[in-house]
J.: 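I have a structure here, written as structure tokens, and I will follow up with some questions on it.
Atoms within a ligand are numbered from 1 in the order they appear, just like the ligands themselves. The structure presented is a predicted model; accordingly, all values stated were derived computationally and were not measured.
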Amino acid sequence: MRPDSLAQTDRKQVKVAISAPGPWWRDAVIYQVYPRSFADGDGDGIGDIDGIRSHLSHLADLGVDAIWMSPWYPSPMADAGYDVADFRDIDPAFGTLSEAEALISEAHAAGIRMIVDIVPNHLSSEHVWFKKALADPAAPERELFWFRPGRGEHGDEMPTDWVGEFGGTTWTRTTDPDGTPGDWYLHLFTPEQPDLNWEHPTVRAEFEDILRFWFDRGVDGIRIDSAALLFKDRTLPAVVEGRPHPFHDLDEVHDVYRAWRRVSDSYPDRALIGEVWMPEVERFANYLRPDELHAAFNFDFLGCAWDPELMRACIDRTLDAHRAVGAPATWVLSNHDVTRHVTRYGRTTTTFSFENNLDGTPVDLELGTRRARAAALLSLSLPGATYVYQGEELGLWENENIPVDRLQDPMYARRGHSRDGCRVPLPWSGDEPPFGFSTAEPWLPQPAEWKDRTVQAQTGDPSSMLELYRSAIALRRAEGGLHEPHMTWLPGAPGVLAYARGAAFACVLNMSPAAVPLPAHRSVLLTSSPLDGGDLPPDTAAWLRLAT
Ligand code: NOJ
């Protein structure tokens, strides 16, 4: 499976010896840590900073360049921490600010950069600003949010009929201090996540200060949540097909990111990475203009079907859009919001979208795993930065069997789909749950079948997903061609994607139903599944050394 692969000890030397040219964020491997589910250090069934610190060696062994930490700030957890009550502290469930600082230094000492998640569209309803705004209709904090009178004679109809990002309504009525019904406030997500008014200078100043707070603590990058939603059309028009959307991608948002870029540019080597869900690639690329964000997540690739033509078109579309603004592409297969790709690729419909709920439809996990292995070699060899969501390196699948009374995701009540299935705590060791994650019952149940998916069970097993990721990331670091900004398509049989990176490296992915011969090569560096008498079987990728 790994004819020329690197032995484990060699990998560490490669990591120290090879450093890519250009800024780190252009071709980094970035690992998303979902802190609730990574590792539990204090035995309460919820992951925490202590757990992350004691498992940092897993990330160093994997060879990742950076960690993106999903929110760890004080929060009532109405949306798993994306409802932030204080951006300058850490939730006690996760630890303390000094533990966070220790983690940042320890990660740096291990050669791993740190990215934190900032959520500018909304705050928690427990944030001091919102509490003041709610307590007194005359409070200046009221202007920091979207309070509006209701429609209708008694003001008891919502100001708009906008549908929220999780589905459901977007306004909640307040009660004035005298007990009478008052204004409504806007929340594009849950009522516990009131939207901020980005037209207000105090909001802008506050977030620039929050960026500085974390940059001053050494963080290397910021992931920007819901980056395209910040501005709303203040005339509150209805959402009408063919007309500008009242709260998606308003032009004013770009000024905010230009200001953020000035802040990040005042520190060395910092990066801003946007969560921008945007079907129109040109609008998407606007966020990546040279004076705006450094990178943005490629959800086009994440949602793409396991289909050679569609995949190739997606790669071309991605590279063209990024080339136009000089930004690096990103390659994302999974995150904490979407069905894990082992499960997606094991279904008949392999696309992902929130609108098309495929929960409970049949899944062939063996096929999904085989494709996920091939997808790993694809996403790790395309030009740009690659994201790895915690657990994908273990080949975890979506847990679709969580009892309804254990579900925590607020999306479930609104859309009938829960994101909890991809947020299940990691299996580290042992034969049964909690698989070394905790000494207590984990906050979400782990499938008993994950006993073969633990870090311990996979370490040293050359056929495991974990060793595939370790080898691929080490080779990626060592291969000059994989640090070049471009790729070149090579001729391939129908259903086969083949491309070169530099003169000496190629990746070939067979998405056709039959085995195909490999193109001319000097040696096979790595394959996602064993070759079939020298041929590349279906749903398999190979990394090749080309004869030069
Ligand atoms: C995107 C985040 O990734 C998701 O988890 C969250 O629910 C929403 N933004 C709201 O913050």
J.: Identify whether NZ of Lys or CZ of Arg in Arg36 sits under 6.0 Å from the centre of the six-membered ring of Trp443 and within 45° of that ring's axis.
T.: yes
J.: May I ask you to check if Arg347 and Tyr345 form a cation-pi contact, with NZ or CZ under 6.0 angstrom from the six-membered ring centre and within 45° of the axis?
T.: no
J.: Is NZ or CZ of Arg142 both nearer than 6.0 Å to the six-membered ring centre of Phe147 and within 45° of the ring axis?
T.: yes
J.: Please report whether the ring centroid of Phe352 lies less than 6.0 Å from that of Phe354.
T.: yes
J.: Centres of the Phe247 and Phe231 rings: under 6.0 Å?
T.: no
J.: Protein residues near ligand 1, heavy-atom distance below 4.0 Å?
T.: Asp79, Tyr82, His122, Phe166, Phe189, Arg223, Asp225, Ser226, Glu275, His336, Asp337, Arg419, Arg423
J.: Using the six-membered ring wherever Trp is involved, compare the ring planes of His294 and Trp25 and label them parallel, tilted or perpendicular (cut-offs 30° and 60°).
T.: perpendicular
